[in-house]
Engineer: 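Could you have a look at this structure, given as structure tokens, before my questions?
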Protein chains: 2
Amino acid sequence: MRSDEPVGTARKPVTPARKKVGRPSRLSQPAIVEAAQRIVDTEGDGSLSMRRLARELSITPMALYHHVRDRDQLLRLLLETKARHQPRPTLPDAPRERLTAAAQLLYDVLAECPFLGEILTSEELMNASSRWVTEAVLEAALGCGFTLEEAVALYRAVAHYTGGELLIRLTRERHLAHLDHPPYRSQAMAALQPQTHPRLTALADRWPALTARDTHEAGLEALLDGFFRTLDRSGPPSPAPS
Amino acid sequence: MRSDEPVGTARKPVTPARKKVGRPSRLSQPAIVEAAQRIVDTEGDGSLSMRRLARELSITPMALYHHVRDRDQLLRLLLETKARHQPRPTLPDAPRERLTAAAQLLYDVLAECPFLGEILTSEELMNASSRWVTEAVLEAALGCGFTLEEAVALYRAVAHYTGGELLIRLTRERHLAHLDHPPYRSQAMAALQPQTHPRLTALADRWPALTARDTHEAGLEALLDGFFRTLDRSGPPSPAPS
DNA sequence: ACCTGAACACCGTTCAAGT
DNA sequence: ACCTGAACACCGTTCAAGT
């Protein structure tokens with residue numbers, strides 16, 4: 001609920017406490033964002049076009065451009081609004097657990113945004129995501145004893161890992177949904193020659209089961225573990241052997 | 001060069017050793033893919049549309065659909081061709097170094113594909129990427145003593161991390177290229193309140209420098225380190241404490 | 001079998017004009 | 001200031017017809 005970020009300002013958001021009481025000029029940035037969210041929820045993010053959105057609001061497509069610079073800005077607005085209204089759980093106090101929870105939070109927040117792939121096509125993940133999640137991860141990392149540089153590097157690694165996982169999973173699900181011909185993977189797997197791809201062919205029939213498992217948490221844990229190893233090395237004595 | 005995968009088959013690739021000598025019916029899947037690659041190289045992947053491609057080949061857009069099922073297949077074809085022709089360096093023999101090199105290879109191969117984001121919108125990274133890279137990572141992981149399950153989990157974590165990094169970096173660069181208004185990040189950063197976002201505001205001016213650094217290898221190393229830690233725990237005695 | 005032409009159902013955005 | 005209408009320059013793809 002707190003008004004946390006600007007983002008808006010196509011020209012001027014204005015909204016001067018309402019005109020009087022009559023018609024508050026109908027259109028407003030929040031109203032647009034809300035309508036956009038409605039479309040995404042009911043028809044999927046593939047249906048969210050400026051024209052479709054205008055139709056939803058019963059206005060001309062061009063009217064939108066008075067409250068929003070372009071489609072990119074609309075998508076960012078959408079993600080930020082979502083992130084702002086996301087519940088903010090209290091994180092554990094123990095440093096290591098706090099960091100894990102904060103990193104997991106990034107996943108949870110971003111997972112709410114099926115149009116994430118489109119955002120990525122227009123800006124970085126960190127900008128797109130809500131700043132409070134970033135803040136939580138940095139804070140937790142510093143609390144673990146990482147330096148500023150290390151904390152930022154850690155944040156970025158977590159963001160890349162998380163973003164990659166989500167993008168791949170989301171698009172995979174979307175794709176499988178409306179598919180008539182058998183998934184491309186089956187064909188590709190079936191055509192592998194054992195002599196050039198021994199492990200893949202050996203794995204072929206178990207691959208679907210193996211990749212269906214949710215390994216996000218395990219991978220995240222490994223990633224954080226790896227960063228903690230560098231901490232252990234530099235933290236105690238021993239001035240780095242090699 | 002070796003013909004490694006099928007992928008093709010819109011209806012039938014045919015190409016019956018050439019008609020005789022006259023005109024080999026002009027259009028062919030390889031020719032289409034090559035033209036597409038030319039467009040991507042010279043005009044960027046944003047320009048690669050079926051219509052633009054048809055213009056490049058001086059044919060009707062619809063003629064393409066005789067050799068390629070749809071735009072999705074064309075993109076996959078493009079990535080596979082690229083991956084197939086990519087040099088295949090000999091990896092080090094030492095297991096750990098071999099795994100690191102194989103994982104790095106995934107990055108190198110995928111980095112060659114600016115249209116990667118579009119592929120992701122249509123299939124998984126592993127399918128899209130060349131199978132030989134996957135094979136190399138699995139082989140290296142097994143050589144390190146991981147089980148099949150662990151090796152697949154490791155591969156997936158590496159793929160997600162790599163995919164996320166590349167997607168974010170690629171789209172960031174593309175975006176910065178044609179940008180008139182100041183990047184969104186500056187605005188967003190400038191508007192942060194110190195009381196709610198103390199570390200981010202403290203970092204604000206150093207952020208560009210910190211995020212410009214290439215931290216891919218460090219993060220990858222950390223991720224692999226983390227997986228090796230689980231190995232150390234289960235490998236020697238001690239039947240898992242908790 | 002391979003290709004064309006016309007059409008369908010869309011896009012994001014600019015520009016000039018209305019109130 | 002806020003919105004409309006018409007237009008520009010595109011998309012991917014289907015369908016019926018030509019050779």
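Keep in mind the model is a prediction, meaning the values are calculated, not measured. Proteins get letters first, then strands, A, B, ... in listed order; numbering begins at 1 in each.
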Engineer: Grab the CZ-C1' distance between B/Arg55 and D/dC11 for me, whole Å please.
Structural biologist: 12 Å

Engineer: According to the interplanar angle, ranging from 0 to 90°, do the rings of B/His160 and A/Tyr161 count as parallel (below 30°), tilted (30 to 60°) or perpendicular (above 60°)?
Structural biologist: tilted

Engineer: Got a minute to check which stems DNA chain C is part of, using Watson-Crick or G-U wobble pairs under 3.5 Å, three or more consecutive?
Structural biologist: C:4-8 with D:12-16, C:12-16 with D:4-8

Engineer: According to a strict under-4.0 Å criterion, is B/His67 in side-chain N/O contact with OP1 or OP2 of C/dA1?
Structural biologist: no

Engineer: Less than 4.0 Å between a side-chain N and a carboxylate O, is that true for A/Arg71 and A/Glu118?
Structural biologist: yes

Engineer: To the nearest 0.5 angstrom, please state how far the CG atom of B/Leu203 sits from the OH atom of A/Tyr155.
Structural biologist: 12.0 Å

Engineer: Treat primed atoms plus P, OP1 and OP2 as sugar-phosphate and everything else as base, then score nucleotides 12-19 of chain C 5' to 3': B for base contact with protein heavy atoms under 4.0 Å, S for sugar-phosphate contact only, - for none.
Structural biologist: BBBB----

Engineer: Taking only the side-chain nitrogens and oxygens of B/His66, find out if one of them lies under 4.0 Å from OP1 or OP2 of C/dT4.
Structural biologist: no

Engineer: Is it true that, when you exclude A/Glu217 itself, more than 12 heavy atoms of the residues, nucleotides or ligands shown sit nearer than 6.0 Å to its CD?
Structural biologist: no

Engineer: Does this structure show an ion pair linking B/Arg156 with A/Glu165, if we count only N-O contacts that are shorter than 4.0 Å?
Structural biologist: no

Engineer: Please report, rounded to the nearest Å, how far the P atom of C/dA1 is from the CD atom of B/Gln29.
Structural biologist: 17 Å

Engineer: Any donor and acceptor pair, going by atom type alone, linking the side chain of B/Ser28 with main-chain N or O of B/Ala31 inside 3.5 Å?
Structural biologist: yes

Engineer: For the residue pair B/His216 and B/Tyr107, categorise the inter-ring angle as parallel (less than 30°), tilted (30 to 60°) or perpendicular (more than 60°).
Structural biologist: parallel

Engineer: Taking D/dA9 as the reference, what is the distance to C/dA9 when you measure between their P atoms (whole Å, please)?
Structural biologist: 24 Å

Engineer: Got a second to check how far A/Leu75's CG is from A/Glu80's CD, nearest 0.5 Å?
Structural biologist: 11.5 Å

